[in-house]
Amino acid sequence: MLRNRIKKTDKRIVLGALALLLCLTATGCGAKREVVVYTAVDQVFADQIFAMFEQETGIKVKAVYDTEANKTTGLTNRIAAEAEHPVCDVFWNNEFIQTIDLEQKGMLAAYESPSAADIPAYYKSEDHMWTAFGGRARVFLVNTKLLAPDNYPTSIYDFATGDYEGKQLALAYPMFGTTRTMAAAIYAQLGAEEGRKYFEQVKAKGVQIVDGNSVTKDMAASGQVAVGFTDTDDAKEAIEDGAEVVMIYPDQGVDDMGTMMTPSTLAMIKGAPHEDTAQAFIDFVLSEKVERKLVEIQFFDRSVRDADKDDGIKGMSIGLAEVYRYLDVASKDMEAIFSTVN
């Protein structure tokens, strides 16, 4: 009888072990939860948020970063290549144009995060395919050895019709990167006709058109120009390096249009392998706590939750989808206007 009891006990142990094995292999029961995030955000900033998320939720982040050579385009191309068998769960982009491109190509999944309830509507997709948050501004980097405070520029129109000589000013080619996005934003703000007129005036003024925002930053920092029109990350780098420069946010008056803000965007990939953890990650990163953290560590200049407030940095209030709508026409005009720049 004792022998039979032992046999029955052994049988239960074996059956229990088999059940556990099947649970682990077939359903993932007991396996560590994870989320795969493709991100164009600089790793030094993204890693801090990933660590916060892992500590708070116990969900492991498997991150894929962009490279300096391919930037965001490399990640969007990878998402497109994996469309039939998605690997990525969440795309955390450092801008919005290529995120909307993915939406247009049907590669994103709708998700309305409760964390985004207090984010202004013009920072969100109407179909809940993506949400924008935070913002990095377009700014003037002014060389303080060449210009006195009374002569600092205050508006984008200083690059078109102001008193400065064109050779004192530098702007990256507006066919690429954030300067291309800025061109589309100006078109969306002013209309196509007035937008083209503005850039024709920039060209006629003789503004130095150069290869990228970092070049613009270097020219202002070294005194080759008095003012460079660039992004805050480049401007802050020059300031941290000890250059004799100041950063000016343009068009901040009551009746002014505000400066262009480039927000990050979060989107869930269509067919995401880990949909539940993808939603948890989106909820976490879109929370006000995390957005404020990204302002604190100086990745963002502003929270989108402050967009409609009278204090702080004034950004353009045009919708991101509207900027995207003007991208093609603005890009074609920029090519026509600036393709002959020496």
[X] side chain to [Y] backbone, donor-acceptor under 3.5 Å:
X	Y	value
Asp256	Gly253	yes
Lys145	Ala226	no
Asp42	Phe45	no
Asp158	Thr154	yes
Gln224	Ala220	no
Glu95	Gln98	yes
Glu291	Gly134	yes
Lys314	Thr259	no
Lys124	Ile119	yes
Asp211	Tyr173	no

Steps toward salt bridge (charged side-chain N to carboxylate O under 4.0 Å, His left out) verdict (Asp333, Arg196): CA-CA 7 Å; Asp333 282 353; Arg196 182 183 176 95; 2.8 Å; yes

Test side-chain hydrogen bond (donor to acceptor under 3.5 Å, both in side chains) applied to Tyr324 and Asp101, step by step: CA-CA 9 Å; Tyr324 181 83; Asp101 267 337; 2.5 Å; yes

side-chain hydrogen bond (donor to acceptor under 3.5 Å, both in side chains) for Ser113 and Asp283? Distances and angles first, verdict last. CA-CA 6 Å; Ser113 172; Asp283 292 344; 2.6 Å; yes

Testing the basics here: between [X] and [Y], what is the closest heavy-atom pair and its distance to 0.1 Å?
X	Y	result
Pro153	Val142	CD-CG2, 3.8 Å
Leu169	Val207	O-CG1, 3.7 Å
Val225	Gln208	CG1-NE2, 3.5 Å
Thr179	Pro174	CG2-CA, 3.7 Å
Ala160	Lys205	O-CD, 3.7 Å
Gly258	Gln252	CA-NE2, 4.2 Å

[atom1] of [X] to [atom2] of [Y]: how many Å apart, nearest 0.5 Å?
X	Y	atom1	atom2	result
Asp233	Asn213	CG	CG	7.5 Å
Thr178	Arg136	OG1	CZ	7.5 Å
Phe199	Ile209	CZ	CD1	9.0 Å

Could you check Glu296 against Lys293 for salt bridge (charged side-chain N to carboxylate O under 4.0 Å, His left out), going step by step and ending with a plain yes or no? CA-CA 5 Å; Glu296 178 189 324; Lys293 177 67 175 180; 3.7 Å; yes

Looking at Lys270, I want to see if its NZ is surrounded by more than 12 non-hydrogen atoms of other residues, nucleotides or ligands under 6.0 Å. no

Determine whether more than 12 heavy atoms belonging to other residues, nucleotides or ligands lie under 6.0 Å from atom CG of Asp163. no

side-chain contact (heavy atoms from CB on, under 4.5 Å) between Ser331 and Met175: does it pass, once the steps are laid out? CA-CA 6 Å; Ser331 297; Met175 295 89 88; over 6 Å; no

Under the criterion side-chain contact (heavy atoms from CB on, under 4.5 Å), I'd like the reasoning laid out for Glu335 against Lys332: C-alpha separation, chi angles, the key distance, then a yes or no. CA-CA 5 Å; Glu335 187 70 36; Lys332 289 174 183 176; 5.7 Å; no

Answer yes or no: is there an ion pair linking Glu82 with Arg78, defined by an N-O contact shorter than 4.0 Å? yes

Please determine if Glu200 and Lys203 form a salt bridge, counting it only when a charged side-chain N lies under 4.0 Å from a carboxylate O. no

Please work out which of the three classes, parallel, tilted or perpendicular, describes the rings of [Y] and [X], given edges at 30° and 60°.
X	Y	result
Tyr157	Tyr198	perpendicular
Tyr326	Tyr187	perpendicular
Phe281	Phe50	tilted

Indicate yes or no: at least one non-hydrogen side-chain atom of [X] is less than 4.5 angstrom from one of [Y].
X	Y	value
Arg180	Leu327	yes
Ser264	Leu294	no
Met247	Ile239	yes
Val64	Thr39	no
Met268	Leu108	no
Val285	Leu266	yes
Thr181	Met260	yes
Arg305	Arg292	yes

side-chain hydrogen bond (donor to acceptor under 3.5 Å, both in side chains) evaluation trace for Glu103 with Ser125: CA-CA 9 Å; Glu103 178 188 19; Ser125 161; 3.1 Å; yes

Is there a salt bridge (charged side-chain N to carboxylate O under 4.0 Å, His left out) between Lys289 and Glu56? Walk through the geometry before answering. CA-CA 13 Å; Lys289 174 183 71 174; Glu56 186 166 312; 2.7 Å; yes

Residue pair Ser214, Asp234: steps toward the side-chain hydrogen bond (donor to acceptor under 3.5 Å, both in side chains) verdict: CA-CA 6 Å; Ser214 62; Asp234 289 300; 5.3 Å; no

So, Asp47 versus Tyr65: side-chain donor-acceptor pair below 3.5 Å or not?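 Looking only at side-chain atoms, Tyr65 and Asp47 do form a donor-acceptor pair, the distance falling under 3.5 Å.
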
Yes or no on side-chain contact (heavy atoms from CB on, under 4.5 Å) for Val37 and Asp89, after CA distance, side-chain angles and deciding distance? CA-CA 6 Å; Val37 180; Asp89 295 308; over 6 Å; no

Run the ring-centre check on Phe229 versus Phe159 and record whether the distance is less than 6.0 Å.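 Yes, the ring of Phe229 comes within the 6.0 Å limit of the ring of Phe159, centre to centre.
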
Qualifying residue, where the test is ring-ring contact (aromatic ring centres under 6.0 Å, His included) with Phe133 and the options are Phe284, Phe96, Phe300, Tyr123: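 For Phe133, the ring-ring contact (aromatic ring centres under 6.0 Å, His included) check succeeds only for Phe300.
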
Looking at Thr99, Thr265, Val304, Leu286, which hits side chain to side chain contact (heavy atoms under 4.5 Å, CB included) with Thr131? Leu286

Taking it one step at a time, do Asp231 and Arg138 satisfy salt bridge (charged side-chain N to carboxylate O under 4.0 Å, His left out)? CA-CA 5 Å; Asp231 292 333; Arg138 291 287 295 176; 3.0 Å; yes

I would like to know whether Tyr111 and His128 meet side-chain contact (heavy atoms from CB on, under 4.5 Å); could you show each step before the answer? CA-CA 5 Å; Tyr111 176 58; His128 312 297; 6.0 Å; no

